[in-house]
Each structure stands twice: as structure tokens, then as C-alpha cells.
Trainee: 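I have a structure I would like to understand better, so I am pasting it below and will then ask my questions one at a time.
The chain is numbered in sequence order, starting from 1.
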Amino acid sequence: MRRIEEVLDGAGRICILGHIHPDGDCVGACLGLYNYLKSACPEAQVTVHLEPFSEYFSFLQGTEQVDHAFPELPPYDLCFVMDCGDRERLGPTVKYFDSARRKVCVDHHITNQGFGDVWEVQPDASSACEVLYSLLDPAQISRDTAECLYLGIVHDTGVFKHSNTSRRTMEVAGQLLEKGISPAYIIDETFSKKSFAQNKALGRALLSARLWLDGRLVAGVITARDMEELGLDSRHLDGIVDQLRVTDGAKLAVFLYPSNESQQEWKVSMRSNDKVDVSRIAVSFGGGGHVKAAGCTLRGEWTAVVDQVAALAEQQMRETE
């Protein structure tokens, strides 16, 4: 697929979906496409279905139109899936995907094998927003669309610090800047700024942190009890694994938080500073992601879960010595 317009023919009703617990790249890609389609395909009815996301993204054009309730609806003519590595990560919105007459996936996860009728997966791209940019007509990208795409790139590259930042990434970011957006506002308001609840969550995670593999792996946890006591939800946990990642001497960071109310099922987020391919670890446990950033879901006591991750990480470390 060279342009989004190639799949729009005959689509009167269009939906846009993203993964569960949507992050900046997911929200940016979904709303970026929404704003683009509103001008490129004004006769179509376009709806974004996403789980609730950070209030810091509320300045993006179109956030007030996002559906978080997921009502029963007639089948859509066309369904776009953004920043999602597989069908299962669509969560409660999967019903719109399954019933849609045509399905298009736009993603950058290396573990995405392609699903739907048409897919554009670019594992070398920094973000789904960078992939989406490559499918849009630059002349038709509005300031509103550019703002969404820039936000997604900023969040998935850690403000251009992560190893997924390429020359192409910087070129795309520069072209988006020419649309008149404010990079300082986007970075300060959505990436750097933390709410009081987020700071409490980070503090609790850092207090829980322990070292494995002689300090080469650092891991922290937020328990279900912590979530209840501090009044947290998944939106308050962004950035914690990246703070663990900068621990001196750590080659790998792992952050765990409850996948539901159970004390024994965890969302496991992993970041690599070195040669460890965390996507390999995640895939072995039924998850996915990127070489440097990946995740999965595991059951058990949290330190036992980290032991499993540590064993696979140590094996990779030995292979590269």
C-alpha cells in the first residue's frame, strides 16, 4: 500500500482502532488518521474506538469525538487498526474489526506477521505514526494531523533518544514541524509533565525495585494493592519502565503491573539498553513488540516472573559474549 487513499473507495462508514491501554503512539496514529480522513474523505462517517487514555492528550483535535463505550453497531465498511501487533490486543474493540467488510493494519512491531486484508508493517520505523506518515499525502497533512503524528513519534522514541530513532525519523519530524506545530508544548505537556498520581506510582515502583543478573537486570512492580491504595490506573504507569531503564549498569529493565484485579497475573513491560532482544523474550511468552521494547502477560509471584525473564535474558547475553 503506497497511499491510504488506495483503500478508501466505497467506504461510507470507517472505524479506527488501536491496542488496549493506548499510549502516545497509538493515540497519535489513530487521531492523526482521523483528522486526515476528515479532510481527505469528508463524505465518510469516521469513528475512533479506543480505551480511555491520558488526559494529557486531550488537546489533540478529535479527542472529544473518541468513543470509549463500545456500543453495538452495524458492520463498518472499512476498519483501520493502528499500532497493534495482533488481533488479540484490540481488546473490547475486536468486534468492530471482526465484523468490518474490509480490514487494514498499519503498524511497526517486528512481531506483527500481518493481519486483516491489507497491512503495512514497517519494523524499521520508529513508530506507527512514522509508518502512517509514509502513507499520507504530505500536502494534505493539516496542522492538527501533524500534531498527532509528532506526539506519537516523540513518545515511541523517548524524545528521539531511543535506538529506534533513525535519519528518516528525524526527517519526518522536521517535515511535521513545518506544519506549524509546537514541539516544546507537545514534549513538555505530554511527555515530561507528570501528575501527582504518576509521581506516586513511580515512587512506589522504584521502592520495590530489585536487581538480577549481578545488576544487569533491574525490575520493579506496582501491585493491585498499590493501585487501589494510590488510586491508580494503567494511564498513570507510563514512563516507569523507562526510568528503571536508566539505572546505572542495567542492560535490561522490567516493569510489572496487574493485568486485572488478580494479584497473580501481570503485564510485563521490558526495555533493553544493550544486545538483548526483548521481542524474543516477549514472543516466547505469547507477547510481542520491538527489539528494544516489548511486553507480555505472565502469571505467578512477581519475582518468579522476573526469574523467567532473567533466565532468557541471560541466555541471550551468553550468546553475544
Side-chain angles (χ1 to χ4, degrees), residues 19-27 51-57 154-159 161-162 187 190-274 276 278 281-282 285 287 289-290 292-313:
H19 60 71
I20 57 174
H21 311 307
D23 58 6
D25 187 31
C26 179
V27 174
E51 289 187 346
F53 45 77
S54 171
E55 61 271 19
Y56 292 148
F57 303 154
V154 161
H155 278 255
D156 254 26
T157 62
V159 193
K161 293 187 300 182
H162 296 167
I187 293 169
T190 73
F191 189 86
S192 301
K193 182 180 286 188
K194 302 296 180 186
S195 68
F196 186 55
Q198 286 177 302
N199 282 333
K200 289 193 293 182
L202 174 60
R204 189 63 60 92
L206 293 178
L207 284 172
S208 75
R210 302 184 192 180
L211 297 174
W212 273 257
L213 305 179
D214 298 322
R216 290 175 294 173
L217 186 155
V218 60
V221 65
I222 290 287
T223 67
R225 181 174 297 177
D226 292 332
M227 300 283 280
E228 181 179 2
E229 177 185 339
L230 300 177
L232 305 174
D233 59 43
S234 62
R235 293 172 294 176
H236 298 125
L237 308 181
D238 287 350
I240 290 178
V241 68
D242 291 304
Q243 188 60 49
L244 291 168
R245 183 184 62 81
V246 297
T247 301
D248 188 26
K251 306 298 184 184
L252 177 69
V254 180
F255 173 58
L256 298 86
Y257 64 95
S259 67
N260 49 41
E261 294 182 358
S262 169
Q263 292 278 358
Q264 293 297 309
E265 184 171 281
W266 308 97
K267 291 290 185 182
V268 182
S269 182
M270 295 174 279
R271 297 290 186 273
S272 174
N273 288 329
D274 198 47
V276 176
V278 290
I281 298 174
F285 294 124
H290 312 288
K292 298 294 185 182
C296 58
T297 300
L298 287 170
R299 293 186 62 84
E301 198 275 326
W302 82 271
T303 55
V305 167
V306 179
D307 285 340
Q308 296 180 63
V309 173
L312 295 181

Trainee: Quick one: closest heavy-atom pair of A224 and P258, and the distance?
Mentor: N-CG, 3.3 Å
Trainee: Under 3.5 Å, side chain of Q264 to main-chain N/O of E301, donor-acceptor pair present?
Mentor: yes
Trainee: When you measure from the side chain of D226 to the backbone of T223, do you find a donor-acceptor pair of N or O atoms at a distance under 3.5 Å?
Mentor: yes
Trainee: List for me each residue that meets ring-ring contact (aromatic ring centres under 6.0 Å, His included) alongside H236, sequence neighbours excluded, and say none if there are none.
Mentor: none
Trainee: Check whether E51 reaches the backbone of I20 with its side chain - one donor and one acceptor, N or O, closer than 3.5 Å.
Mentor: no
Trainee: So for atom CD, which belongs to E228, do other residues, nucleotides or ligands contribute more than 12 heavy atoms lying within a distance under 6.0 Å?
Mentor: no
Trainee: Kindly indicate whether the side chain of W266, heavy atoms from C-beta on, has any atom under 4.5 Å from the side chain of I222.
Mentor: no
Trainee: Compute the ring centroids of F57 and H155, then answer whether they are less than 6.0 Å apart.
Mentor: yes
Trainee: Hey, could you give me the CD1/CZ distance between I240 and R245, rounded to the nearest 0.5 Å?
Mentor: 14.5 Å
Trainee: Can a donor-acceptor pair be found, under 3.5 Å and without considering hydrogens, that links the side chain of Y257 to the backbone of M227?
Mentor: no
Trainee: Give a yes or no answer on whether the side chain of S208 reaches the backbone of V221 with a donor-acceptor pair at less than 3.5 Å.
Mentor: yes
Trainee: Can you name the nearest heavy-atom pair linking F255 to A205, along with the distance?
Mentor: CE1-CB, 4.0 Å
Trainee: Just do the side chain to side chain contact (heavy atoms under 4.5 Å, CB included) check on L206 and L244 with the steps written out, would you?
Mentor: CA-CA 8 Å; L206 293 178; L244 291 168; 3.9 Å; yes
Trainee: Is the shortest side-chain heavy-atom distance between V305 and V254 below 4.5 Å?
Mentor: no
Trainee: Taking all atoms of both residues into account, what is the closest heavy-atom pair of Q308 and R299, and its distance?
Mentor: NE2-O, 4.4 Å
Trainee: Of all heavy-atom pairs between S54 and R235, which one has the smallest distance, and what is that distance?
Mentor: N-CD, 3.8 Å
Trainee: Kindly indicate, with the supporting measurements, whether the criterion side chain to side chain contact (heavy atoms under 4.5 Å, CB included) is fulfilled by H162 and H290.
Mentor: CA-CA 12 Å; H162 296 167; H290 312 288; over 6 Å; no
Trainee: Compare every heavy atom of G287 with every heavy atom of C296, then report the nearest pair and how far apart it is.
Mentor: CB-CA, 3.8 Å
Trainee: Looking at A250, is its backbone amide N or carbonyl O close enough to the side chain of N273 to form a donor-acceptor pair, meaning the two atoms are under 3.5 Å apart?
Mentor: yes
Trainee: Quick one, V306 with L217, criterion side chain to side chain contact (heavy atoms under 4.5 Å, CB included). Give me CA distance, side-chain angles, the key distance, then yes/no.
Mentor: CA-CA 9 Å; V306 179; L217 186 155; 3.8 Å; yes
Trainee: Could you walk me through whether L230 and R204 pass side chain to side chain contact (heavy atoms under 4.5 Å, CB included), step by step?
Mentor: CA-CA 9 Å; L230 300 177; R204 189 63 60 92; 3.7 Å; yes
Trainee: Indicate the atoms forming the closest heavy-atom contact of L232 with A201, along with that distance.
Mentor: CD1-CB, 3.6 Å
